[in-house]
Number of protein chains: 4
Amino acid sequence: MRKLDPVKHEEKRQQILQAAARCFVRDGFRGASTSDICAEAKISPGHLYHYFPSKEAIVSAITVFGLAMATEIFSAIAQGPDVVTALLAELERGIFGGDRSKGTFMLDLLAESARNPGIGEILRERHCEIRALLAKLLQEGQERGQVDVDLDPDLAASILISFIDGAKAMTIRDPGLDAANTTEMLKIAISRFLRPPSNKASAKKRQHRGV
Amino acid sequence: MRKLDPVKHEEKRQQILQAAARCFVRDGFRGASTSDICAEAKISPGHLYHYFPSKEAIVSAITVFGLAMATEIFSAIAQGPDVVTALLAELERGIFGGDRSKGTFMLDLLAESARNPGIGEILRERHCEIRALLAKLLQEGQERGQVDVDLDPDLAASILISFIDGAKAMTIRDPGLDAANTTEMLKIAISRFLRPPSNKASAKKRQHRGV
Amino acid sequence: MRKLDPVKHEEKRQQILQAAARCFVRDGFRGASTSDICAEAKISPGHLYHYFPSKEAIVSAITVFGLAMATEIFSAIAQGPDVVTALLAELERGIFGGDRSKGTFMLDLLAESARNPGIGEILRERHCEIRALLAKLLQEGQERGQVDVDLDPDLAASILISFIDGAKAMTIRDPGLDAANTTEMLKIAISRFLRPPSNKASAKKRQHRGV
Amino acid sequence: MRKLDPVKHEEKRQQILQAAARCFVRDGFRGASTSDICAEAKISPGHLYHYFPSKEAIVSAITVFGLAMATEIFSAIAQGPDVVTALLAELERGIFGGDRSKGTFMLDLLAESARNPGIGEILRERHCEIRALLAKLLQEGQERGQVDVDLDPDLAASILISFIDGAKAMTIRDPGLDAANTTEMLKIAISRFLRPPSNKASAKKRQHRGV
DNA sequence: CATGAATGAGCTTTCATTCAT
DNA sequence: CATGAATGAAAGCTCATTCAT
């Protein structure tokens, strides 16, 4: 009669993780209790510990999951023809569109990562993946002449990711911001940042003059 | 009959606030308990409530204080000759220099602001001040021909602030980043963003083409 | 899958309620702490909140329970042949008999009701029930000629209940009172209050003279 | 310069006591804190202990004071021509008139007396005084033929006081009660209780028949 | 006389976790 | 697999009281 189906087990685990994600997005890692998660997942408190050894483990799993999704999104972006266009689509979709509390969740995750070594390590590992993806994209852009070859792809990727993180903060600091205008301005910033200088020589000169 | 030193009271209040700030920087708003704060401030648990009516009030006061400091820094920046230089100095000093946990604190504050209406309001009010300061700086830059006149100063200011927020996240995502290289790259990003297009006509064209 | 015994849950709830009742009787609503209740019920402090959402809820439940018992007692009284006899039996049993601290509990409940709106509402609702019961009893007495028909049953019932409340205060004011003598005297007071005037005409006259 | 005027000291003590009384009437003995009392009396917490060694002492003093007032009132009553009239005047004034929270205060005091030996003793002592006053009044009534001589004055006095206590409970149980109607009904109850039987012989018979 | 700073025990409540069934 | 009873530490906060000035 008993089913020790590992597939079902994993399925349930995922359901709980989804429920936990909703709680964390809503109330933050500290603000959401295991009780909240159990209620959201419609399971008993004891049962939660059948799938996860601790709340920390849930937080870790969510972190892994959340960043895996980010990686996926960036993978999808990588299909697009143009880095700038792709990044902006992501910015518009993920930050000004729909549920802004996901942005808050990311900030929460970052803050948690800075204090919780376990989470921190996960973040850093996954960040490297994402950065590598973006760096590769930039490199391809450089090869196609769309991106300034003077920019170190890894470092530029880090900066671009920081722009995305910052944009999440922006919606909190100033919720009244117009999405279209802001995206347009971000587009200018990013495209100017990446675009090769019109005059190749000027790039060198600019660095020397320190503008 | 004599009213005993309200100065001393304020002094102690500030001491407690400093202690609370250290706790919040270390453990976050949720992670730090009133007990922790009392221990750090070397006072008894009951005495804390002689100076603050609730933990929330302490969080508010810290938020006000922290953002007032940010405003001050930006006021100081405004003295410098050049927006870009000033912003970069701040980025280098505040983010890569010294105590990076202050960056984490800011992310915590942002996340808290998104969920705690009281804190949110404080943040938004102060953000407006800071943004206005920066916008004025940009406007002056535009008048001096240092900044692209096509950029809306308010919106550009918001974006620049988001870059600073993002940079704080960057140090968490990638603690190994070299400060000098990263600052240099940020300098490129910011200066390219703000710099007037070499050819004035091209600016107009850009808008028409919608690039 | 199986829904585990809601009967057991209710049983434990009742046990805790009994323990709380003992604490409240002993120390009053304010004087008894949740710790006291937990100790009396032999459960851990956290577990109390598995059964009741707050101390206030326990107070409410106890109030409901205590007044339900009072209603029952009055229902039982209503079986007796005679209002006066029944009331006196209750007075003797409940006030001078056994545990006088239950009287104190009732005074506590009354004082709490005056200040705590939630408890107040419960008291008033239940009081109406009890008063109605007693009023019906009086009406039947009037029909049988045992009770003065000039007395408004509702008002007279209120007065009789106030005599019972007052009797509880009496045992505190003067613990040395002899139960038999006092009951006898109360019997006189109540029976004279309710008994139809020997001369029917005099009743009318009394009202005209306003004595 | 320093005034160790014992008169002023006593004056201040009384002021504090008045303030404490207002707090206790409003919030009860347990519900009112020493802080509340200090705020109401406009003194500092430390200063309170210059006049009273503890909160308990304040409660005691208030108890003494409150019951002294009650004694005074009954002394005043004793001037009137008729016990029943006097009692009713007091009932109407003190219970249905003005501030009903004073009734709640009395119930609080009774409950406290049952649990706090110190307060209990004060109550019982003062109660004896009041009862004696009332008993004397009743005795005089008996001598004048206004009161049934078969009633033991002390016991009847106790019962009458219990009616007053009960009336205080009545206003809590049923705040909508009409003062005039209720007073009228109480008048009937009290006057019938005390009034000498129209036929002296019938009194004896009544007791034997057990009506 | 008077202030208000300071204490520390205790309050109600929450929470992550464990255990018996 | 699943429940929910049970725990105990810790949270934020209040309070009567003491002490230095």
Side-chain angles (χ1 to χ4, degrees), chain A residues 1-5 8-9 12 30-38 42-58, chain B residues 1-6 8-9 12-13 30-38 42-58, chain C residues 1-6 8-9 12-13 30-38 42-58, chain D residues 1-5 8-9 12 30-38 42-58:
Chain A
M1 202 48 117
R2 87 203 144 107
K3 307 175 183 177
L4 49 109
D5 200 338
K8 280 226 170 166
H9 188 271
K12 190 81 192 171
R30 310 287 180 119
S33 70
T34 52
S35 279
D36 294 338
I37 296 169
C38 289
K42 282 164 194 155
I43 58 168
S44 62
H47 203 34
L48 185 67
Y49 287 79
H50 187 71
Y51 294 94
F52 299 93
S54 67
K55 188 185 176 184
E56 163 104 26
I58 302 175
Chain B
M1 207 61 93
R2 80 205 138 112
K3 283 276 161 207
L4 212 57
D5 234 342
K8 276 223 172 161
H9 183 88
K12 189 84 191 176
R13 225 185 94 103
R30 310 285 181 119
S33 72
T34 52
S35 285
D36 295 339
I37 296 169
C38 289
K42 280 166 195 153
I43 59 171
S44 64
H47 200 32
L48 185 65
Y49 291 82
H50 193 65
Y51 294 93
F52 299 93
S54 65
K55 187 187 176 184
E56 165 102 26
I58 301 175
Chain C
M1 207 60 94
R2 78 204 141 111
K3 282 278 161 203
L4 210 55
D5 234 340
K8 276 223 171 163
H9 183 89
K12 189 84 193 174
R13 224 184 93 104
R30 310 284 182 122
S33 71
T34 51
S35 285
D36 294 339
I37 296 169
C38 289
K42 280 165 195 155
I43 58 171
S44 64
H47 201 32
L48 185 65
Y49 290 81
H50 193 68
Y51 294 94
F52 299 94
S54 66
K55 188 187 175 183
E56 165 100 26
I58 301 176
Chain D
M1 202 47 118
R2 83 204 146 108
K3 306 174 187 178
L4 49 108
D5 200 338
K8 281 225 169 164
H9 188 271
K12 190 81 191 172
R30 310 286 180 122
S33 70
T34 51
S35 277
D36 294 339
I37 296 169
C38 289
K42 281 164 194 154
I43 59 167
S44 63
H47 203 33
L48 185 67
Y49 287 80
H50 187 71
Y51 293 95
F52 299 93
S54 67
K55 187 185 177 184
E56 163 104 28
I58 301 176

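What you see below is based on every heavy atom in this structure, not just the backbone, and it leaves out hydrogens, waters and symmetry mates. Numbered from 1 within each chain, the chains take letters A, B, ... in sequence-line order.
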Closer than 4.0 Å, any side-chain N/O of C/T34 to the OP1 or OP2 of E/dT12? yes
Gap between atoms CZ and C1', on B/R13 and E/dA6 respectively (whole Å): 18 Å
Taking every non-hydrogen atom, the tightest pair across C/K55 and C/R30: NZ-O, 4.0 Å
To the nearest 0.5 Å, what is the distance between CG on C/L48 and CD1 on C/I37? 6.5 Å
How is A/S33 classified with respect to the nucleic acid when contacts are heavy atoms under 4.0 Å: base, sugar-phosphate, or nothing? sugar-phosphate
Pairwise 5' ranking along DNA chain E for C/Y49 and D/L48, keeping only the more 5' one: D/L48
Nearest-nucleotide check on DNA chain E, B/I43 vs A/R30; residue mapping nearer the 5' end is B/I43
Check the distance between F/dA2's C1' and A/H50's NE2 and give it to me in whole angstrom. 8 Å
Take atom NE2 of B/H9 and atom P of E/dA6, then tell me their distance rounded to the nearest Å. 10 Å
Rounded off to whole Å, could you give me the CG-to-P distance for the B/D36 and F/dA9 pair? 18 Å
Rounded to the nearest 0.5 Å, the CZ atom of B/R13 sits from the NE2 atom of B/H9 at a distance of 6.5 Å
At less than 4.0 Å, is any side-chain N or O atom of D/S44 found next to OP1 or OP2 of E/dG4? Yes or no. no
What is the ring orientation for D/H50 with D/H47, classed by angle as parallel under 30°, tilted 30 to 60°, or perpendicular over 60°? parallel
Contact class for D/Y51 (heavy atom, under 4.0 Å): base, sugar-phosphate, or nothing? sugar-phosphate
Need one value for B/K12: base, sugar-phosphate or nothing, where a base atom within 4.0 Å counts as base even if backbone is also close, heavy atoms only. sugar-phosphate
Contact summary for D/C38 and D/S44, nearest pair of heavy atoms: SG-O, 3.8 Å
Whole-Å gap separating C1' (E/dT12) and CD1 (C/I37): 11 Å
Among E/dT12, E/dA9, F/dG12, which nucleotide sits nearest the side chain of B/P45? E/dA9
Atom CD1 of C/I58 to atom C1' of E/dC11: distance rounded to whole Å? 13 Å
Write down the distance between CD (D/E56) and P (F/dC15), rounded to a whole number of angstrom. 18 Å
Please compare B/G31 and C/H47 by the position of their nearest nucleotide in DNA chain F and report the one closer to 5'. C/H47
Stem list for DNA chain F, please, built from Watson-Crick and G-U wobble pairs under 3.5 Å and keeping only runs of at least 3. E:2-21 with F:2-21
A/S33: partners by side chain to side chain contact (heavy atoms under 4.5 Å, CB included), with sequence neighbours left out: A/S35, A/D36
Spacing of CZ belonging to D/F52 relative to OG1 belonging to D/T34, to within rounding of 0.5 Å: 13.0 Å
